[in-house]
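Below: one structure, written as structure tokens.
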Amino acid sequence: MPRYDPARIEPHWQAHWDEHETFHTGPFEARRDKFYVLDMFPYPSGDGLHVGHPEGYTATDIICRYRRMTGTQVLHPMGWDAFGLPAEQHAIRTGTHPRETTYQNIDTFRRQLKMLGFSYDWSREFSTTDPDYFRWTQWIFLQLFDTWYDDECRWTGPDGLERVGRGRPISELPIPDAVADDGDEAVRRYQDRHRLAYQHEAPVNWCPALGTVLANEEVIDGKSERGEHPVERLPLRQWMLAITRYADRLLDGLDLVDWPESIRLLQRNWIGRSTGAEVDFFIGEPGQSADELDSAYALWQNRRKESGLPADSGEEVLRVYTTRPDTLFGATYMVIAPEHPFVERLTTELQREAVTTYQSQAAAKSDLDRTDLAKEKTGVFTGSYAVNPVNDQKIPIWVADYVLISYGTGAIMAVPGQDERDWEFAEVFDLPIIRTVEPPEDFTGQAYTGDGPAINSGFLDGLEIDGAKDRIIEHLRGTGQGNSAVNFKLRDWLFSRQHFWGEPFPVWHELDEEGNLTGLMRAESEENLPAKLPENFEFKPHGRPDPPLEEAPDEWLYRTDEDGTRLKRETNSMPQWAGSCWYYLRFADPKNTDRFIDAEAETNWLPVDLYIGGAEHAVLHLLYSRFWHKVLFDRGYLRTPEPFTRLVNQGMILGEAELTGFQDESGEWVSAREVDSETFSGEKVSLTADDVQKQGEEFVLTEHPEIVIDSRAYKMSKSRGNVINPDDIVAEYGADSLRLYEMFMGPLEATKPWSMSGVEGVSRFLGRVWRMISDDRADEVTLNPAIADAEPDEEQLRMLHRTIKAVTEDIEKLSFNTAISRLMEFTNALGQADPRPRSLMGPFVLLLSPFAPHLAEELWNLLGHDESLAYEPWPECDESLLVTSTVEIPVQVNGKLRGKIVVATDADQETIQEAAAADETVARFLQDKTVVKTVVVPGRLVNFVVK
RNA sequence: GCGAGAGUGGCGGAAUUGGCAGACGCGCCAGAUUUAGGAUCUGGUUCCCUACCGGGAAUGGGGGUUCGAGUCCCCCCUCUCGCACCA
């Protein structure tokens with residue numbers, strides 16, 4: 001009677017685990033191994049869980065449950081990354097405070113996760129929006145604010161590695177005499193410029209119609225993604241974090257971690273380290289004539305020989321960065337970005353109108369438009385010239401938006417002969433092109449970027465690229481006109497948002513008599529943390545790009561300090577990244593009121609041993625976390641140099657595969673080969689497997705085999721209507737089936753389509769497991785009568801131990817799909833055995849338990865155990881039981897399978913060869929042939945090579 | 001354009017890392033049981049030829065190395081994901 005009934009079993013065991021605090025992390029024991037398994041911090045959206053969440057979460061849960069059974073102490077926490085824009089926008093629409101929405105959503109998420117039976121230590125749960133948590137987020141910000149990066153500091157960290165470069169307290173920043181002479185305020189401003197957290201005017205995407213500032217990806221073609229309203233770019237005072245100072249450290253750290261090579265490569269490319277040279281091109285005074293420029297240039301060169309290359313390039317030169325200093329003789333013009341500070345001074349009266357127009361056009365474009373490669377190069381001549389320092393040639397300076405202000409120095413030397421972009425530009429504006437690297441004879445392209453000897457390059461002629469680079473840098477350094485340099489694609493991190501629902505900055509701005517910001521700041525003192533958001537404040541869009549908190553009540557916004565200085569709070573808020581940058585630390589010590597994490601807790605639990613989540617965080621989140629971690633490491637608060645030892649990205653789950661046919665306006669079928677499914681304007685017809693058949697590589701209509709149809713799985717999306725809701729799956733099949741299915745679909749890291757009949761498949765398997773052990777025809781839940789204290793036979797025992805071995809190895813490899821198939825094989829082999837030896841059932845249930853914990857607990861109980869199986873020892877494989885006395889091996893003739901023989905496992909080569917030759921079919925193929933060679937691999941195969 | 005990953009039955013996917021291609025599941029076919037089943041159990045199921053015994057072909061395509069290649073090497077095609085004027 002009692003059939004497999006997850007709706008009864010699952011809530012029962014979830015309640016049991018809760019009541020018995022089964023998965024609370026016990027006190028740390030130094031003698032035991034530890035394992036910290038972490039899921040990427042979820043944002044509790046109003047939509048609740050989607051099927052992508054349980055994929056990673058089930059994987060980590062399996063590992064945790066398995067590890068506990070092997071005697072490891074496991075830390076497996078869960079919490080909420082709950083600041084963010086959706087709750088704020090919801091609040092603006094409905095008037096509900098974001099806090100309320102957020103905590104409601106968290107309740108939904110928690111309920112859903114508990115429903116799936118994950119073995120989190122819920123006693124460690126927190127949300128980034130909890131004042132107890134963001135207090136420490138703010139505290140860490142203050143550490144960033146208090147830190148400068150000393151490039152030259154050589155030191156040995158607590159990990160025993162020697163490094164160059166360290167974040168140090170700002171009080172230790174050496175102050176140049178010239179600054180010190182200017183007084184306290186100058187010193188403070190000097191320090192502020194060197195802090196890892198500093199302020200900077202940066203353009204934001206301001207959308208007046210929506211009354212909000214948009215992220216870059218929310219702006220398309222200069223219009224808002226939502227509503228297509230115009231977006232303006234305007235500069236706003238912003239907080240920046242100097243992550244670029246840590247670029248080399250972030251790069252080096254990648255060698256210390258066990259991450260997928262693809263992710264490390266992604267981070268390396270993102271950081272984008274390049275080496276080359278900085279070169280100064282003399283530009284003289286504004287409005288100088290050509291002759292004046294020449295004579296001033298000679299004087300300048302003499303001065304530079306004396307002084308060497310200054311750190312600050314000054315007003316009379318245009319400094320460029322290049323990775324190809326060897327091509328300097330081919331620099332026939334220069335280009336500066338439209339935002340370059342020298343545009344104004346370089347533009348001659350004749351060119352002024354054209355340049356200004358060009359600048360404003362460029363300003364209106366979004367970054368995305370500007371980087372559209374398809375378009376032709378644009379630009380304007382400034383009217384001014386610079387002098388090429390190696391050949392004294394005067395070359396024109398242009399303004400063009402293909403040069404980015406944010407990279408290098410915002411100015412380039414253009415070498416069309418060796419650079420495709422410069423070549424393109426030179427062609428459009430008819431600028432001279434000089435090749436400085438000899439292309440191969442058969443080279444037919446335009447710019448030549450490959451290897452070759454230098455030509456047209458004076459003293460560099462004949463040198464290969466690397467040699468020429470060394471030689472020219474030596475020359476530039478000697479003449480004080482340049483030096484080797486390193487550059488990064490990585491930019492400093494724009495760390496402020498003009499939003500309400502985020503962590504407030506614990507910073508005050510000093511005001512002058514008139515109430516204006518002086519630019520000087522005071523950090524909130526640690527004991528005053530957390531700096532909370534204002535209460536009783538209805539934030540509404542106020543129609544200006546500055547933050548909504550500008551309208552906060554005065555008692556929140558202003559304060560007078562002890563020395564009588566009027567202070568105004570920082571009104572920007574931190575971005576969502578902030579909270580997720582360090583949550584993995586807090587989980588090790590979530591209730592600590594004295595420190596963000598206790599040193600001992602860190603030593604005990606960190607680093608995270610296994611971190612699983614989506615690849616969408618491959619770059620930003622992981623880079624930001626690593627950055628914060630390294631700053632805290634430098635400041636002596638952490639002893640681990642990297643936060644996440646092993647990283648795994650789960651693949652995306654797509655919707656169920658769809659078969660689509662296309663019909664034009666007149667209802668005629670159109671072959672999929674002739675249409676673009678995105679833009680197709682006719683009728684898209686959903687088909688079923690019965691309508692189609694496979695023809696070569698494609699699916700075609702059975703009725704019209706000339707019509708190819710489209711067959712593929714799409715990303716789940718509301719608009720496509722192919723979203724699978726985990727709640728529905730649990731309601732129909734149970735949590736164990738959902739967990740098992742998501743693991744059975746395929747490799748964890750692969751993208752894979754959902755299949756409802758696949759869910760039924762694993763659900764049927766769990767039904768078979770249920771019936772293998774329980775009696776589904778009895779009225780009560782009782783053991784299956786076939787279960788007996790019988791001795792298992794040799795084969796059954798071997799089956800069990802083979803399963804133990806395979807499942808164990810597969811879990812270690814995170815190869816859950818194959819582990820499950822092994823469990824299925826066991827069930828297929830023993831599900832009908834009668835008698836069913838009880839001694840085999842227990843270990844099997846334990847093997848199943850990490851995957852389908854509810855069912856396993858229930859069956860374990862049924863097998864007569866009172867305690868949860870969560871801490872039962874993991875079954876061990878007895879290798880001696882795997883050995884068989886005979887083995888079947890294939891026999892090939894010329895590499896083709898011709899027969900199979902059964903021989904003793906320890907049979908020698910000769911015996912095997914004889915047996916193989918004696919096989920009837922094999923003998924037939926050997927007849928009338930000469931055996932040229934015989935390959936015998938004992939236990940594996942025999943191959944006769946004949947002629 | 002650059003970078004990374006992947007192409008195996010009708011479908012999802014397995015294959016000691018060079019050794020029986022297609023484990024396991026879905027789907028499909030047949031049978032058993034059942035009042036019935038979209039429940040359960042048993043068997044079959046890569047394709048082609050063959051009544052059977054058998055045989056041939058096959059891991060996106062082409063070439064190569066090897067006794068032996070899904071696996072290694074070279075060329076090409078397709079798909080997915082990143083990056084995208086970074087000088």
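To find a chain, count down the sequence lines: A is the first, B the second, and so on, and within it residues start at 1.
A donor-acceptor pair under 3.5 Å is absent between the side-chain atoms of A:Q267 and the main chain of A:L251, judged by distance alone.
Each of A:P747 and A:E825 has a nearest nucleotide on RNA chain B; the 5'-most of these lies closest to A:P747. Residue A:P890 is the one, among A:P890 and A:R324, whose nearest nucleotide of RNA chain B lies closer to the 5' end (criterion: closest heavy atom).
The nucleotide B:A87 finds no pairing partner, because no Watson-Crick or G-U wobble arrangement with both distances shorter than 3.5 Å includes it. Nucleotide B:G5 forms a pair with B:C79, judged by Watson-Crick or G-U wobble geometry with both contacts under 3.5 Å. Remark: B:A30 base-pairs with B:U42; criterion is Watson-Crick or G-U wobble with both hydrogen-bond distances under 3.5 Å. Across all strands shown, B:G56 is found opposite B:C47 as a Watson-Crick or G-U wobble partner, with both distances under 3.5 Å. Remark: B:G19 base-pairs with B:C67. Criterion, Watson-Crick or G-U wobble with two distances under 3.5 Å. B:G12 and B:C24 make up a base pair, with Watson-Crick or G-U wobble contacts both under 3.5 Å.
At a threshold of 4.0 angstrom between heavy atoms, the contacts of A:S755 with the nucleic acid are absent. Within the nucleic acid shown, A:V935 comes within 4.0 Å of at least one base atom, counting heavy atoms only. Using a 4.0 Å heavy-atom distance criterion, A:N487 is classed as making no nucleic acid contact. In this structure, A:L266 reaches the sugar-phosphate backbone alone: every heavy-atom distance under 4.0 Å involves primed, P, OP1 or OP2 atoms, never a base. Contact annotation for A:T921: backbone-only contact, meaning every heavy-atom pair under 4.0 Å involves sugar-phosphate atoms and none involves a base. Contacts of A:L265 with the nucleic acid, taken as non-hydrogen atoms under 4.0 Å apart, involve only primed sugar atoms and P, OP1 or OP2. The residue A:R491 sits close to a base: some heavy atom pair falls under 4.0 Å. Nucleic acid contact class of A:F925 (heavy atoms, under 4.0 Å, all strands): sugar-phosphate only. When heavy atoms are screened at a 4.0 angstrom cut-off, A:Q892 is found touching base atoms of the nucleic acid. Residue-level contact check: A:R268 touches neither bases nor backbone, having no heavy atom under 4.0 Å from any strand.
Here the side chain of A:S757 is nearest to one of B:G27, B:G56, B:C24, namely B:G27. With distances taken from any side-chain atom of A:F699 to the nucleotides B:G55, B:G19, B:G10, the minimum falls on B:G10. The side chain of A:F744 lies closest to B:G25, out of B:A21, B:G55, B:G25. Residue A:D419 has its side chain nearest to B:A87 when only B:G56, B:A87, B:G19 are considered. Considering only the side chain of A:S821, B:C24 comes nearest among B:A4, B:C24, B:G56. Side-chain proximity of A:Y402 to the nucleotides B:A87, B:C85, B:G68 is greatest for B:C85. Taking only side-chain atoms of A:D401, from C-beta outward, the nucleotide of B:C85, B:G55, B:G13 with the closest atom is B:C85. Taking the side chain of A:L941 as heavy atoms from C-beta on, and the options B:C83, B:G19, B:C41, the nearest nucleotide is B:G19.
At whole-Å resolution of the value, NZ in A:K933 and P in B:G68 are 9 Å apart. Rounded to whole Å, the distance from CZ on A:R822 to P on B:A15 is 9 Å. Rounded to an integer number of Å, the gap from A:I271 CD1 to B:A84 C1' is 18 Å. For the pair A:K489 NZ and B:A84 P, the computed distance is 7 Å after rounding to whole Å. Rounded to a whole Å, the CG atom of A:D776 is 12 Å from the C1' atom of B:C41. If you take CE of A:M745 and P of B:C26, they are 15 Å apart, rounded to a whole angstrom. One interatomic measurement links the two molecules: NZ of A:K900 to P of B:C20, which rounds to 10 Å at whole-angstrom precision. For A:D326 and B:A87, the CG to P distance is 14 Å, given to the nearest whole Å.
Scanning both residues, A:L847 and A:L823, for their nearest heavy atoms gives CB-CD2, 3.9 Å. Of all non-hydrogen atoms in A:T244 and A:R491, the two that sit nearest each other are CG2-C, 3.5 Å.
When the C1' atom is compared between B:G22 and B:U42, the two are found 22 Å apart, to the nearest whole Å. Separation of the C1' atoms belonging to B:U66 and B:C73 is 12 Å when rounded to the nearest angstrom. Distance check on atom C1': B:G7 versus B:C52 gives 39 Å, rounded to whole Å. Spacing between B:G3 and B:A58 at atom P, rounded to whole Å, works out to 33 Å. Here, B:C26 and B:U34 have their C1' atoms 25 Å apart, quoted to the whole Å.
A close approach under 4.0 Å does occur between a side-chain nitrogen or oxygen of A:S274 and OP1 or OP2 of B:A87. Between B:U17 and A:R940, no contact under 4.0 Å exists linking OP1 or OP2 to a side-chain N or O. Phosphate contact (OP1/OP2 of B:A84, side-chain N/O of A:N269, threshold under 4.0 Å): absent. Checking the phosphate oxygens (OP1, OP2) of B:C11, a side-chain nitrogen or oxygen of A:K694 falls inside 4.0 Å. Of the side-chain N and O atoms in A:R764, one or more sit less than 4.0 angstrom from OP1 or OP2 of B:G27. Of the side-chain N and O atoms in A:K896, none sit less than 4.0 angstrom from OP1 or OP2 of B:C20. Listed pair A:N817 / B:A14 meets the phosphate criterion, a side-chain N or O lying under 4.0 Å from OP1 or OP2. Within the structure, a side-chain polar atom (N or O) of A:R712 is placed less than 4.0 Å from OP1 or OP2 of B:U80. A:R768 has a side-chain polar atom (N or O) that falls below the 4.0 Å cut-off from OP1 or OP2 of B:G25. For B:C41, one of the phosphate oxygens OP1 or OP2 lies less than 4.0 angstrom from a side-chain nitrogen or oxygen of A:R771.
More than 90° away from 0 lies the glycosidic angle of B:G5, which makes this nucleotide anti.
For A:R319 and A:Y321, the positive end is not near the middle of the six-membered ring at less than 6.0 Å and at most 45° from its axis.
Atom CD of A:E420 has 12 or fewer neighbouring heavy atoms from other residues, nucleotides or ligands inside a 6.0 Å radius.
Taking 4.0 Å as the cut-off between side-chain N and carboxylate O, A:E795 and A:R798 do not count as a salt-bridged pair. Under the 4.0 Å criterion applied to side-chain N and carboxylate O atoms, A:K752 and A:E55 are assigned as salt-bridge partners.
Between A:W754 and A:Y741, the ring planes are perpendicular. Angles over 60° get that label, and only those under 30° would be called parallel.
Once rounded to the nearest 0.5 Å, the distance linking OG of A:S737 with CZ of A:R764 reads 11.0 Å.
Ring centers of A:F425 and A:Y333: under 6.0 Å apart, within the cut-off.
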